[in-house]
Amino acid sequence: MRELAYLNKHFARYKWHLLGGIVFVAISNTFAIFPAQIIRYAIDFVQDSLMVFPLFNEENILAFYSKMLTRAILLFSALVLFLALAKGFFLFLMRQTIIVMSRLMEYDLKNDIFQKYEDLHMAFYKQNNTGDLMNRISEDVSRVRMYLGPAIMYTINLIVLFVMVVVTMLSVNAKLTLYVLTPLPILSILIYWVSRKINQRSERVQRKLSDLSTFVQEAFSGIRVIKAYNRLSEREFEFAEHCNDYKNTSLELVKVNALFMPAMILLIGLSTILTIYIGGLLTIDGSISPGNIAEFVIYVNMLTWPVASVGWVTSLVQRAAASQKRINEFLKIVPEIQNPTQAPFATQGTLAFKNVSFTYPDSGVKALKNISFKVEQGKSLAIIGTTGSGKSTIANLLCRLYDVDKGSILIDNQEIDKINLDAYRNSIGYVPQDVYLFSDTISNNISFSTTIADTDEDAVLQAAKDAQVYSNIIEFPNGFETRVGERGITLSGGQKQRISIARAIIKQPSILIFDDCLSAVDTETEERILQNLKRIMDNRTTIIISHRVSSVKHCDEILVLDEGEIQENGSHDELMKKRGSYFEIHEQQQLEAMKA
Ligand SMILES: Nc1ncnc2c1ncn2[C@@H]1O[C@H](COP(=O)(O)OP(=O)(O)O)[C@@H](O)[C@H]1O
Ligand SMILES: [Mg+2]
């Protein structure tokens, strides 16, 4: 329950919905109690009349009385009908306030969580799998909503109804009340037990279902491999097994579900029988009227659902508390990377690493060791090295996706963790090594990095031309409006890389970072892109990361990285003269190019 306290501040925001809900519950319950009293009155009235009638022998007086009686019964019926409608109307209003409140709070909560996710550091995404993150925001939030809406609504309803009905019952006859209410606690406990079982089993069903869909999804994504290796029948067999599992757990659930209604009806029946039996004895005594029995039967029926809901609500609240606990665990995490200031920062583009060391927090891999270099504003720096030498790590640190362990990174001579992070990131154009395109049109993927974008078609075209992808795009039937990703066309690795480059350059940033983004492009296209980049790189600080000499040789300064350390640095000519490892890489790649 402590976990659910987090939600109190949300309740405060929607207090009028809640208060309105409570008032409507009270009103609708009042309208529910009157009909029982009218029915008691009607029955007693009819019975009295029937006792009085035989005393009159006159034909026409009898006719007159029976007409009166019919009228009275019609009137009573109309009243009961009207009260039922009034009750229904206020029930509607109750749902409109409390359930609406729960939906609004659900919306807030989802937004809170999503915002938190976005703020969290990269290591967090490494530690938690996507499925977990999705569950928090969808399933856990829906369970919490069941507490915010139905659980609260039924609790208020129960309290109000219980007090009203029991007070009315006691005013009629205390002994009868006591007898009639005895089976109800048993009902609560039973329903609690049954709904716990139902929840446990439906969770198991849910898990099996998600196993099943994961399996199917994998089968479809990997259909090429499955067909090529002719594993169709094995897959079918596995699928049948998953289905069987799912079926069996579902049947388990059906068994408890089947118990639910009969158990409830049995207990209601028990209460009704008790009412009639004890009520009958009391009527014979003369302490209550036959009308009271009818009245009590209605009360008992009114109480059963709310009393049953105690058990149901208890299990809802338990589930919600467990979900909220999981949500709170995420909400409690403090993002490691935070924006230290809102002060404006206009990035010029002078970059420096000073004795930077960095170890990945999750894997413990020491990726960079005592790295120092400086790039003046508008100059270009190349980083070359084998895979795993730490090139991408430098790019990650420059985007401040991670903070350094030792040493410091200076942007325009200010420490990177002291400047306005939003402003700084807005001035970077970063092409990551693993290109990511959203399931959207090519045009929107390119203009993603900017705000003016959508309207400025020319800029998108120009960026595509500079990235040497324009001619590919216009060959698609829908050109720039072609959708990529899941339901769109499949682009080649090189095309994706070039769209990603277009995304970076359309932004016209002060700092450009290209992380191995020409690896899937042939050398001719590479050369053309580099030619175009020369114009764009003018006056922008550029970092080009690659393992190919052809990509880096035009840069002002080249770092050769090996196992997280700088092996050599200098311009292309200097390094070639030096005949060190850069020279070796160069020779080897020349040789390969000749062979190809
Ligand atoms: N997100 C990460 N979490 C943990 N370890 C990582 C991560 N990214 C890279 N590494 C490790 O850090 C080292 C340097 O990686 P990286 O900078 O990607 O090399 P490069 O880009 O030169 O191929 C590698 O040993 C790699 O396994
Ligand atoms: Mg890399």
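Start at 1 and go down the list; that is how both ligands and their atoms are numbered. Keep in mind that what you see is a predicted model, and the values were worked out from it rather than measured.
With respect to the salt-bridge test (charged N to carboxylate O, under 4.0 angstrom), the residues E526 and R548 qualify. One finds no salt bridge joining E376 and K379 here, because no Lys/Arg side-chain nitrogen approaches an Asp/Glu carboxylate oxygen to under 4.0 Å.
Checking atom 27 (O) of ligand 1 against the protein gives no heavy-atom contact under 4.0 Å. Protein heavy atoms are found less than 4.0 angstrom from atom 2 (C) of ligand 1.
In this structure, Y402 has a heavy atom closer than 4.0 Å to ligand 1. Ligand 1 is approached by T386 to a heavy-atom distance shorter than 4.0 Å.
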Practice problem: Could you walk me through whether N328 and Q324 pass side-chain hydrogen bond (donor to acceptor under 3.5 Å, both in side chains), step by step? | Solution: CA-CA 6 Å; N328 287 347; Q324 187 64 42; 2.8 Å; yes

Quiz item: Do F438 and Y436 pass the ring pair (Phe, Tyr, Trp, His ring centres under 6.0 Å) test, and can you show the C-alpha distance, the side-chain angles, and the key distance before you say yes or no?
Solution: CA-CA 7 Å; F438 296 93; Y436 188 81; 5.1 Å; yes

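Each side chain to side chain donor-acceptor pair (under 3.5 Å) pair with one or both residues in residues 465-481, not counting sequence neighbours, appears once here: Q462-D466, D466-R535, Q468-R528, N472-R498.
Relative ring orientation between F373 and F353 is described as parallel, the plane-to-plane angle staying below 30° on a 0-90° scale split at 30° and 60°. Below 30°, between 30° and 60°, or above 60°: for Y424 and F345 the angle between ring planes is above 60°, a perpendicular geometry. Between F124 and H121, the ring planes are perpendicular. Angles over 60° get that label, and only those under 30° would be called parallel.
Below 3.5 Å of separation, one finds an N or O of S389 facing an N or O of ligand 1. Residue contacts with ligand 1: G388 is placed with a nitrogen or oxygen under 3.5 Å of a nitrogen or oxygen of the ligand (distance criterion only).
Residue contacts with ligand 1 for D362 involve side-chain atoms from C-beta outward but no N, CA, C or O (heavy atoms, distance under 4.0 Å). With a heavy-atom cut-off of 4.0 Å, K126 touches ligand 1 through its side chain alone.
Remark: the backbone N or O of N135 is not paired with any side-chain donor or acceptor of R326 at under 3.5 angstrom.
The nearest heavy-atom contact from the protein to atom 21 (O) of ligand 1 is S392 OG, 2.7 Å. Of all protein heavy atoms, the one closest to atom 13 (C) of ligand 1 is V365 CG1, 3.8 Å. The nearest heavy-atom contact from the protein to atom 4 (C) of ligand 1 is S363 OG, 3.0 Å. In this structure, the protein non-hydrogen atom closest to atom 9 (C) of ligand 1 is Y360 CE1, 3.4 Å. Looking only at protein heavy atoms, the nearest one to atom 16 (P) of ligand 1 is T393 OG1, 3.6 Å.
Here the closest non-hydrogen pair linking Q377 and N539 is NE2-O, 3.4 Å.
Within the model, atoms CG of N569 and CG of L559 stand 6.0 Å from one another, a figure rounded to the nearest 0.5 Å.
Excluding waters, the count of protein N/O/S atoms less than 2.8 Å from the Mg ion (ligand 2) comes to 2.
Evaluated for a side-chain hydrogen bond (donor to acceptor under 3.5 Å, both in side chains) with Y582, the options E587, Q567, E574, H572 yield exactly one hit, H572.
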